[in-house]
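To start, the structure itself, in structure tokens.
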Amino acid sequence: MQDPFVNLRVPGPTPVPDQVARAAARPMVNHRGPEFAAAMTEVVEGLKPFFGTRDDPLLLTGSGTGAMEAAIVNVLSPGDEVLAVTIGVFGDRFADIAQAFGATVHRLQAEWGKAIEPDAVAQALKEHRNIKAVLLTHNETSTGVTNDLAAIAAVVRTGGGDAPLLLADGVSSIGALPFEMDVWNIDVAITGSQKSWMSPPGVGMIALSERAWKAYAEARMPRFYWDFGKARKNGTRGTTPFTPAVGVVHALQEALRLMHAEGQEAVFARHRHIGVSIRKGIKSLGLELFADPAVVSNTVTAVRIPARVDASAFLRDLRQRHHLVVGSGQDWLKGSIFRIGHMGWIHDSDVDHLLSALRSALQTARLEEAV
Ligand code: PMP
């Protein structure tokens with residue numbers, strides 16, 4: 001049995017409010033019937049303002065990575081040149097997916113902990129004149145950095161109608177951070193149910209611009225399960241091409257009701273406020289942030305683990321004695337940072353618990369160090 005109280009602060013899955021958990025556990029319905037159609041329609045409508053688009057997002061059955069793969073195979077053909085902008089693990093993953101399906105991938109990297117400079121993207125696009133799509137992570141969850149998506153999108157679109165497509169991984173941003181797909185000219189925007197949406201994992205949400213739909217008509221990468229045409233056609237009838245994660249769609253319906261009752265601007269303001277409180281608290285504990293302060297994320301905070309503190313013992317102590325679960329470092333950052341997820345269902349009391357648990361576990365780690 002799980003402890004009755006767990007402060008789950010990994011950057012996804014995120015905590016699910018009780019009403020949402022109850023919705024996920026509702027009896028199953030026919031996914032070709034009117035009840036599911038009503039739920040799906042409500043979810044699609046509820047998502048639109050958070051994506052900042054007038055078009056209907058598609059619901060895909062899978063995690064964020066599945067939706068990233070879907071984005072690649074639906075708008076590209078083997079041999080297409082792409083510019084993959086990467087500032088961490090998830091930018092690398094997007095590049096790797098494109099490569100796996102036969103795109104010619106040019107990687108533009110920034111030092112981990114920093115954001116990409118829009119000028120660097122402009123420069124790379126000058127060097128590579130045939131780029132079909134730019135891949136970009138809006139909020140890099142492995143380092144706790146938010147890229148300036150609006151500024152980068154403006155750079156990508158300077159070429160006008162012939163400009164490359166911009167595919168944005170908004171898995172850990174959309175629903176918590178301002179995101180204006182139509183205004184910024186984003187062509188494909190991707191997120192997943194287990195992040196800002198306070199729902200269990202299992203549904204990827206993705207929206208496409210008109211230019212992306214044109215690219216879909218010509219794209220020749222192999223695809224079957226992830227076919228946007230099938231998803232759109234079924235979507236207009238309030239269903240999905242294949243059996244959806246019905247319980248997750250019910251959860252999303254309830255979660256979106258909560259988000260809209262709070263108000264979109266209030267949701268964003270709460271994330272800003274929580275981000276500031278966590279960073280202030282972390283510094284007051286004498287800990288250092290990993291990310292460049294100018295580009296820190298309001299959904300994920302990466303914190304350096306002090307030298308001589310054993311990372312796995314520290315995380316175990318947090319979990320076992322304090323019921324606080326945070327994320328470990330990924331890739332070469334394993335053991336040297338930990339990551340706090342603060343998107344979705346998070347309030348001041350969770351931050352108070354988080355900081356007091358960290359204070360106590362740090363004291364323990366330092367006492368052990370002194371022995
Ligand atoms: N991109 C980003 C920015 C993410 O944070 C994550 C999940 N941590 C993913 C992609 C992959 O999503 P999933 O784990 O749902 O496949």
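Side-chain atoms are counted along with the backbone in the values below, which use heavy atoms only and exclude waters and symmetry mates. Order of appearance sets the numbers: ligands from 1, and atoms from 1 within every ligand. Numbering of residues begins at 1 and proceeds along the displayed sequence.
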(request) Answer yes or no for Gln194: is there a heavy-atom contact with ligand 1 below 4.0 Å? (result) yes
(message) I'd like to know if the side chain of His250 reaches the main chain of Pro27, judged simply by a donor and an acceptor atom lying under 3.5 Å from each other, with no hydrogens or angles considered.
(response) no
(request) Please could you name the atoms of ligand 1 that Arg93 approaches to less than 4.0 Å, counting only its heavy atoms? (result) 11 (C)
(request) Decide, yes or no, whether a salt bridge links Arg22 with Glu254 under the criterion of side-chain N to carboxylate O below 4.0 Å. (result) no
I'd like a table of donor-acceptor pairs (distance under 3.5 Å, sequence neighbours excluded) in which one partner is a side-chain atom from residues 10-21, with atom names and distances.
residue	atom	partner	partner atom	Å
Thr14	OG1	Gln194	O	3.4
Thr14	OG1	Lys195	O	2.9

(message) For atom 3 (C) of ligand 1, what is the closest protein heavy atom, and at what distance to 0.1 Å?
(response) Thr141 OG1, 3.2 Å
(message) I'd like to know if Asp119 and Lys126 make a salt bridge, using a cut-off of under 4.0 Å between side-chain N and carboxylate O.
(response) no
(message) What protein heavy atom lies closest to atom 6 (C) of ligand 1? Include the residue and the distance to one decimal.
(response) Phe90 CE2, 3.4 Å
(request) Can you sort out which atoms of ligand 1 are near Met68, meaning under 4.0 Å from one of its heavy atoms? (result) 10 (C)
(request) Check whether any N or O atom of Gly64, backbone or side chain, sits under 3.5 Å from an N or O atom of ligand 1, and answer yes or no. (result) yes
(request) Give the numbers and elements of all ligand 1 atoms closer than 4.0 Å to a heavy atom of Asn139. (result) 3 (C)
(request) Step through it carefully: locate the ring centre of His260, locate the ring centre of Phe50, and say whether they are under 6.0 Å apart. (result) yes
Contacts under 3.5 angstrom, residues 33-45 side chains, donor-acceptor by atom type, not counting sequence neighbours:
residue	atom	partner	partner atom	Å
Thr41	OG1	Ala37	O	2.6
Glu42	OE1	Gln253	NE2	2.9
Glu42	OE1	Arg257	NH2	3.0
Glu42	OE2	Arg257	NE	2.7
Glu42	OE2	Arg257	NH2	3.3
Glu45	OE2	Lys48	NZ	3.1

(request) Could you tell me whether the side chain of Glu288 and the main chain of Val303 form a donor-acceptor pair under 3.5 Å? (result) no
(request) Examine the proximity of ligand 1 to Thr65 and report which part, side chain or backbone, both or neither, has a heavy atom under 4.0 Å away. (result) both
(request) Of the side chain and backbone of Lys195, name the one, both, or neither that has a heavy atom under 4.0 Å from an atom of ligand 1. (result) side chain
(message) Counting only nitrogen or oxygen atoms and a 3.5 angstrom limit, does Asp169 reach ligand 1?
(response) yes
